[in-house]
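All values derive from a computational prediction rather than experimental measurement.
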Amino acid sequence: MIDYDAPLFRPPSEAESLILQATIGCSYNKCTFCSMYKSKKYKVKSFNIISGEIDDLSAYSNVRRVFIADGDALALETSLLLKIFKKLHETFPKLRRISLYGNTINLLQKTDLELEQLSKAGLSIIYLGFESGSDFILEKINKGVAKQDQAKAVNRAQSSGIDISATIITGLGGKEHWKDHIEQSAELVNITSPKYLSTLTLMIDPNRKEKFTAPFKPGFTPQEDIGILEEEKLLIGLINSPGRIIFRSNHASNVLPLSGILPRDKGKLLKQIDLAMGDGTGIRPMWIRGL
Ligand code: SF4
């Protein structure tokens, strides 16, 4: 049995995947809204340890999907990732999909050749947090990158054949900056056309609230449910990407679960949001939201 280093996170769509923890924590770990890996010191496991863990999991011979944790396994050296992918394919003959979390910083550190090598070796999806397309918000949350960096990173990954699953965090601009946050985020989506897009809703760890709000001078007023729905509505309404985007808002934090193809299903999704805004249809009660 694998002794995972908790807490362990994975995207909702990787619920059926085998999880291999190749790194501990996040190599960046400075985003002010994120408390996922604050209790962990970043560490890379050696290939020998990772290889031993894959051997320990080899009894699961039907594995088709593997998700590599923790917070940004894309930070690993390309040569190490390639060795891990090779070992995974040798161990699990039915393996069809390898995915991991990555961020714009580590994506931009890979050359085009490295991205092509990773793609050919089986890396199918990088889960990447846009969080916002607004440079103002990105600076306030200390994301360490600007909108143009995110656009460049995603376009390079997709050109190499790796799909991007991007996330935007509703509520991130508060009541003061929500329009800029959403308008710029929609523009980022339109210029990148990620294959998958999801929204999650801002949930700040009470212990990190001060650190998160302090940069938003003169203040940050959290959005209520109705404001979050207004953001979803504006975002979906503004998405006119030439590509086909699989959209989901099925994260545990979301006010209203939505799913569809954008821009094709825009009308249906906007109608669902209008209903929720009118009489609360479909809104998830607060007690089932959370992580
Ligand atoms: S890069 Fe991702 S995992 Fe790391 S601190 Fe930022 S949001 Fe959290």
From [X] [atom1] over to [Y] [atom2], what is the distance, rounded to the nearest 0.5 angstrom?
X	Y	atom1	atom2	value
Asn62	Leu95	CG	CG	12.0 Å
Leu235	Trp178	CG	CH2	11.0 Å
Leu100	Ile19	CG	CD1	12.5 Å
Leu88	Ile68	CG	CD1	5.5 Å
Leu82	Glu77	CG	CD	11.0 Å
Ser35	Lys211	OG	NZ	12.5 Å

Okay, side chain of [X], backbone of [Y]: is any donor-acceptor separation there less than 3.5 Å?
X	Y	result
Arg10	Ala69	no
Tyr28	Asp72	no
Ser119	Leu115	no
Asn103	Ser27	no
Asp135	Ala146	no
Thr281	Ala276	no
Asn142	Lys30	yes
Gln158	Thr192	yes

May I ask whether [X] and [Y] are part of the same hydrophobic cluster, defined by side-chain heavy atoms of I, L, V, M, F, W, Y residues being less than 4.5 angstrom apart, directly or through others?
X	Y	answer
Leu107	Phe85	yes
Ile49	Ile24	no
Leu234	Leu197	yes

### Task
Please step through side-chain hydrogen bond (donor to acceptor under 3.5 Å, both in side chains) for the pair Asp180 and Ser134, ending with a clear verdict.
CA-CA 6 Å; Asp180 172 58; Ser134 156; 2.6 Å; yes

If I compare all heavy atoms of [X] with all of [Y], which pair ends up nearest, and what's the gap?
X	Y	answer
Phe9	Phe67	O-CE2, 3.7 Å
Ile98	Ala121	CD1-O, 4.4 Å
Gly173	Ile137	CA-CD1, 3.5 Å
Ile164	Pro194	O-CB, 3.8 Å
Ser193	Ile245	CA-CD1, 4.2 Å
Lys266	Ile236	CE-O, 3.2 Å

### Message
Could you work out, with side-chain contact (heavy atoms from CB on, under 4.5 Å) as the rule, every residue matching Ser165, not counting sequence neighbours?
### Response
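Ser165 satisfies side-chain contact (heavy atoms from CB on, under 4.5 Å) with Ile125, Tyr127, Tyr196 once adjacent residues are dropped.
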
### Task
Quick one: list whatever passes side chain to side chain donor-acceptor pair (under 3.5 Å) with Thr104, sequence neighbours left out.
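Per chain and number, Thr104 pairs via side chain to side chain donor-acceptor pair (under 3.5 Å) with Gln150.
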
### Message
Applying side-chain contact (heavy atoms from CB on, under 4.5 Å) to Val66 and Ser17, what does each step give before you reach the verdict?
### Response
CA-CA 5 Å; Val66 171; Ser17 304; 6.0 Å; no

### Query
Asp55: what forms a salt bridge (charged side-chain N to carboxylate O under 4.0 Å, His left out) with it, not counting sequence neighbours?
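If we apply the salt bridge (charged side-chain N to carboxylate O under 4.0 Å, His left out) test to Asp55, skipping adjacent residues, the hits are Lys87.
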
#### Entry: Test salt bridge (charged side-chain N to carboxylate O under 4.0 Å, His left out) applied to Lys143 - qualifying residues, sequence neighbours left out
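Applying salt bridge (charged side-chain N to carboxylate O under 4.0 Å, His left out) to Lys143 gives Glu131.
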
### Task
Check each of Ile169, Leu202, Thr201, Thr170 against Ser253 using the side chain to side chain contact (heavy atoms under 4.5 Å, CB included) test, and report the only one that passes.
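Going through the options one by one, the only one that passes is Thr201.
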
#### Entry: Sole candidate of Ile261, Val189, Leu258, Ile239 that passes side chain to side chain contact (heavy atoms under 4.5 Å, CB included) when paired with Phe247
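Of all the options given, the one that passes is Leu258.
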
### Message
Pair His181, Ile168 - check side-chain contact (heavy atoms from CB on, under 4.5 Å), show working.
### Response
CA-CA 10 Å; His181 167 45; Ile168 288 168; 4.2 Å; yes

### Task
Given side-chain contact (heavy atoms from CB on, under 4.5 Å), test Leu81 with Leu123 step by step and report yes or no.
CA-CA 9 Å; Leu81 283 169; Leu123 179 58; 5.9 Å; no

Pairs meeting criterion salt bridge (charged side-chain N to carboxylate O under 4.0 Å, His left out) with involvement of [range], two or more places apart:
range	result
residues 217-246	Lys175-Glu224, Asp225-Arg289, Lys233-Asp274
residues 36-46	Lys40-Asp70, Lys45-Glu53
residues 92-114	Glu14-Arg97, Asp112-Arg156
residues 160-171	Asp163-Lys195

### Hydrophobic cluster partners of Leu113 (side-chain heavy atoms under 4.5 Å)
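Noted: Leu113 shares its cluster with no other residue.
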
### Task
Just do the side-chain contact (heavy atoms from CB on, under 4.5 Å) check on Thr213 and Ile204 with the steps written out, would you?
CA-CA 10 Å; Thr213 54; Ile204 294 291; over 6 Å; no

Using the ring-ring contact (aromatic ring centres under 6.0 Å, His included) criterion, which residues pair with [X]? Sequence neighbours excluded.
X	answer
Phe33	none
Tyr42	none
Phe130	none

### Query
Which word best sums up how the rings of His177 and Phe136 line up, parallel for under 30°, tilted for 30 to 60°, or perpendicular for over 60°?
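Ring orientation, 0 to 90° scale: tilted.
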
### Query
So, Ser46 and Asn48: side-chain donor and acceptor under 3.5 Å apart, yes or no?
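No - no donor-acceptor pair under 3.5 Å links their side chains.
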
### Message
Do Gln184 and Ser132 pair up side chain to side chain, a donor and an acceptor below 3.5 Å, judged on atom types alone?
### Response
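Note: Gln184 and Ser132 side chains miss the donor-acceptor criterion.
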
Less than 4.5 Å apart, side chain to side chain, heavy atoms only: is that true for [X] and [Y]?
X	Y	value
Leu262	Leu269	yes
Leu76	Ile84	yes
Ile54	Ile50	yes
Val154	Leu188	no
Arg65	Ser99	no

### Query
Taking the six-membered ring where the residue is Trp, are the ring centres of Phe220 and Phe212 under 6.0 Å apart?
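Yes, ring centres under 6.0 Å apart.
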
